[in-house]
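Report on the following structure.
For the numbers below, each heavy atom of this structure counts, side chains included, while hydrogens, waters and symmetry mates do not. All chains are named by letter (A, B, ...) in the order of the sequence lines, taking the proteins before the strands, and each is independently numbered beginning at 1.
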Amino acid sequence: MALPRVGGAPGYVVRRLLQAVPVILAIVALNFLLLHLAPGDAAQVLAGEAGSASPEYMAQLRERFGLDQPLWLSLLVYMKNVLSLDLGFSFRHNMPVLDLILQRLGPTILLMGVTLVLSVGAGMALGLLAASRVDGWLDTFISILALISYATPLFWIGLMLIVVFSIKLDWLPTSGMETVAAFHEGWARVADIARHLVLPAVTLSLFYMALYARLMRAAVLEQAGMDYVATARAKGLSETRITLTHVLRNAILPVITMAGVQMGALLGGSIVVETVFAWPGLGLLAYQSLFARDLNLLMGIFFLSASLVVVANLAVDLLYTVLDPRIQAA
Amino acid sequence: MIDVARRFLRSRSAMLGLSILSVVIVVAAAAPVVFPGSPFRRVDQPLLPPFGAYLFGTDVLGRDVAAGIAHGARTSLMIGVLATAVAVAVGTVVGGVAGFYGGRPDDVLMRMTEFFQTIPTFLFAILLVAILTPSTKSIVIAIAVVSWPAVARLVRGEFLAMRGREFVVACVCLGMSDRRVIFRHILPNCLSPIVVTGSLIVATAILVESALSFLGLGDPNTMSWGFMIGAGRTFLRTAWWLCTVPGVAILLTVVAINLLGEGLNDTLNPRLRNR
């Protein structure tokens with residue numbers, strides 16, 4: 001790979017970073033709007049369970065979040081608070097929203113990371129295999145898998161996997177992240193968590209795996225007719241070498257684009273999947289906050305998730321320029 | 001037109017989708033007749049297995065699961081169609097204005113569309129329903145809010161492509177009003193991709209609705225498939241049918257709509273068939 005032109009790459013990075021700023025601001029403004037859409041007083045929403053907070057506390061909240069000010073001023077105060085990561089306090093959990101979210105972030109990142117690797121890795125492998133034998137049984141199988149997994153609610157796939165692999169076969173645990181009572185340590189603990197991780201990760205990755213397989217298949221078939229492939233073949237390279245070092249690198253681009261889109265969907269999917277498998281991450285926290293009517297906590301989760309997606313999209317764009325240096329010129 | 005209809009009838013997957021969907025529609029329409037009264041009503045002992053006195057058995061409160069499925073079909077179809085109608089209307093207006101006028105309105109509207117595509121949509125839908133308090137109306141609004149950007153982008157692209165075409169330029173030269181050019185001349189030419197996208201949005205809307213009601217955000221007064229799965233989840237070990245039956249209902253309905261959408265795509269845009 002040639003080195004990027006001096007000035008080009010950093011300039012692009014800075015430009016993309018600057019583009020992300022208004023998006024984050026808009027997310028905060030959206031949260032503020034939602035706060036005011038909620039029935040009742042915005043301070044009540046911030047206080048969590050309405051009625052439990054004392055009038056003094058409510059007055060204090062109003063002042064701190066600028067709710068006693070005119071709307072535009074109150075928006076500015078709200079923005080300042082959120083951007084300095086002051087997301088308020090959750091009475092239900094009796095701790096600041098930010099601490100609560102950070103505490104639950106780990107399991108969710110673990111689940112999402114494994115899902116991303118699994119769906120991209122397995123999807124690409126399946127796509128390559130399908131492209132090597134077009135219209136074979138694998139090809140048909142992938143198409144059917146894609147159609148079914150697209151049409152099935154995630155939570156239902158999860159429940160059915162529990163019925164088969166946990167209840168009937170008794171191979172894997174039904175819920176949780178680890179067997180707490182067993183006090184596993186070191187590698188035993190890692191193995192225990194891995195066993196708990198299998199079903200949620202498979203549930204969450206199934207659809208995107210099928211999607212990547214189809215994208216990969218189409219891209220590989222498209223690239224196979226290109227001149228550079230003919231050149232490589234004329235040079236006497238083996239077919240495996242052509243596929244792995246030349247075609248793969250070009251065919252991977254649509255998959256990477258989709259992976260950026262998948263981030264947002266993963267966060268949404270993790271809510272139902274974590275609920276089904278009682279995986280102690282952000283998704284389960286969101287579900288619990290629904291029950292407790294802790295809207296402020298839910299908004300905090302939304303803000304951080306949306307920011308995470310913006311960052312992920314940024315990362316995907318940068319990865320793109322590394323993989324295909326022609327992109328940043330455009 | 002007859003040619004299009006014939007091509008549609010010849011497509012096997014589209015016909016399969018159409019027949020499954022027709023069954024779902026008939027079940028939904030017949031629900032109040034076949035299963036009169038509230039589907040929340042207790043009819044017999046709890047947890048009776050399926051294929052006995054009741055086709056799909058009873059749930060933990062002794063409610064007839066088959067009645068729930070039939071009434072749930074009404075909910076799913078109604079919310080799917082309503083949310084899609086709103087999303088398509090909003091998306092068409094936004095995309096149409098952006099594509100027809102270009103320039104500054106295009107910039108602003110497309111930034112907004114991209115923004116709505118960036119935020120995690122399902123989480124946003126949950127937040128909206130939670131804040132507006134769960135009801136059929138708030139679910140429809142939430143699903144429409146997360147679905148319109150796809151339509152807007154599609155319509156904008158179509159309008160951009162049409163904007164420079166000779167018949168449009170001719171209309172403008174004739175002194176026609178913008179409104180007339182948009183609604184009488186450009187829009188009818190973009191209908192087929194809008195119909196195809198719309199059918200796929202109905203499928204997604206049904207999935208989102210089931211997930212919302214699974215999480216307990218459904219309208220508390222209407223029966224829905226997601227709610228049934230959520231309520232039956234605790235009895236997965238003892239009463240498998242409580243979760244399985246509504247899940248299969250969702251799967252069949254959504255597959256049927258997808259097949260139908262693909263069939264429509266093949267017949268309305270024959271040039272794209274070999275993609």
Distance, nearest 0.5 Å, that separates CZ of B/Arg233 from OG1 of A/Thr275 | 6.5 Å
Where on A/Val309 is there a heavy atom nearer than 4.5 Å to chain B: the side chain, the backbone, both, or neither?
-> side chain
Counting N and O atoms only, with roles assigned by atom type, does the side chain of B/Trp240 sit under 3.5 Å from a partner on the main chain of A/Val163, one being a donor and the other an acceptor?
-> no
Per-residue contact mode, A/Leu266 against chain B (heavy atom under 4.5 angstrom) = neither
Of the backbone (N, CA, C, O) and the side chain (C-beta and beyond), which part of B/Ala203 lies under 4.5 Å from a heavy atom of chain A, both, or neither?
-> neither
Find the distance between CZ (B/Phe124) and CD1 (A/Ile27) and round it off to the nearest 0.5 Å.
-> 10.5 Å
Output, in order, the C-alpha distance, side-chain angles, deciding distance and verdict of side-chain contact (heavy atoms from CB on, under 4.5 Å) for B/Val255 and A/Tyr150.
-> CA-CA 8 Å; B/Val255 164; A/Tyr150 180 71; over 6 Å; no
Heavy-atom pair of closest approach, residues B/Ala130 and A/Leu298 = CB-CD2, 4.0 Å
For chain B, find which of A/Val276, A/Val310, A/Ile162 contributes the most heavy-atom pairs closer than 4.5 angstrom.
-> A/Val276
With rounding to the nearest 0.5 Å, note down the distance linking CG in B/Leu207 to CG in A/Leu154.
-> 9.0 Å
Which atoms of B/Val248 approach chain A - backbone, side chain, both or neither, heavy atom under 4.5 Å = both
Look up atom OG1 in B/Thr244 and atom CE in A/Met160, then write down how far apart they are to the nearest 0.5 Å.
-> 3.5 Å
Side chain from CB out, backbone as N, CA, C, O: work out which of these in A/Tyr287 comes under 4.5 Å of a heavy atom of chain B, or both, or neither.
-> side chain
Please look at B/Thr204 and chain A and tell me whether the side chain, the backbone, both or neither of the residue comes under 4.5 angstrom of a heavy atom of that chain.
-> side chain
Portion of B/Leu259 that has a non-hydrogen atom of chain A nearer than 4.5 angstrom = side chain
For A/Leu290, is it the side chain, the backbone, both, or neither that has a heavy atom closer than 4.5 Å to a heavy atom of chain B?
-> side chain
Please flag which part of B/Thr118 lies under 4.5 Å from any non-hydrogen atom of chain A: side chain, backbone, both or neither.
-> both
Considering non-hydrogen atoms only, spot the tightest contact between A/Ile271 and B/Leu123 and give its length.
-> CD1-CD1, 3.0 Å
Between CG of A/Leu159 and CG of B/Leu242, what distance do you get to the nearest 0.5 Å?
-> 11.5 Å
Ranking A/Leu308, A/Val23, A/Leu30, A/Asn31 by heavy-atom pairs under 4.5 Å to chain B gives rank one to A/Leu30
If we only count heavy atoms from C-beta on, is the A/Phe302 to B/Ile119 side-chain gap below 4.5 Å?
-> yes
Which of A/Val272, A/Ile157, A/Leu267 touches chain B most, by non-hydrogen pairs under 4.5 Å = A/Val272
Dump the intermediate steps for side-chain contact (heavy atoms from CB on, under 4.5 Å) on B/Ile229 and A/Trp156, then the final yes or no.
-> CA-CA 8 Å; B/Ile229 297 178; A/Trp156 192 69; 3.8 Å; yes
Under 4.5 Å from a heavy atom of chain A, the part of B/Ile257 involved = neither
Between atom CD of A/Gln19 and atom CZ of B/Arg111, what is the distance when rounded to the nearest 0.5 Å?
-> 6.5 Å
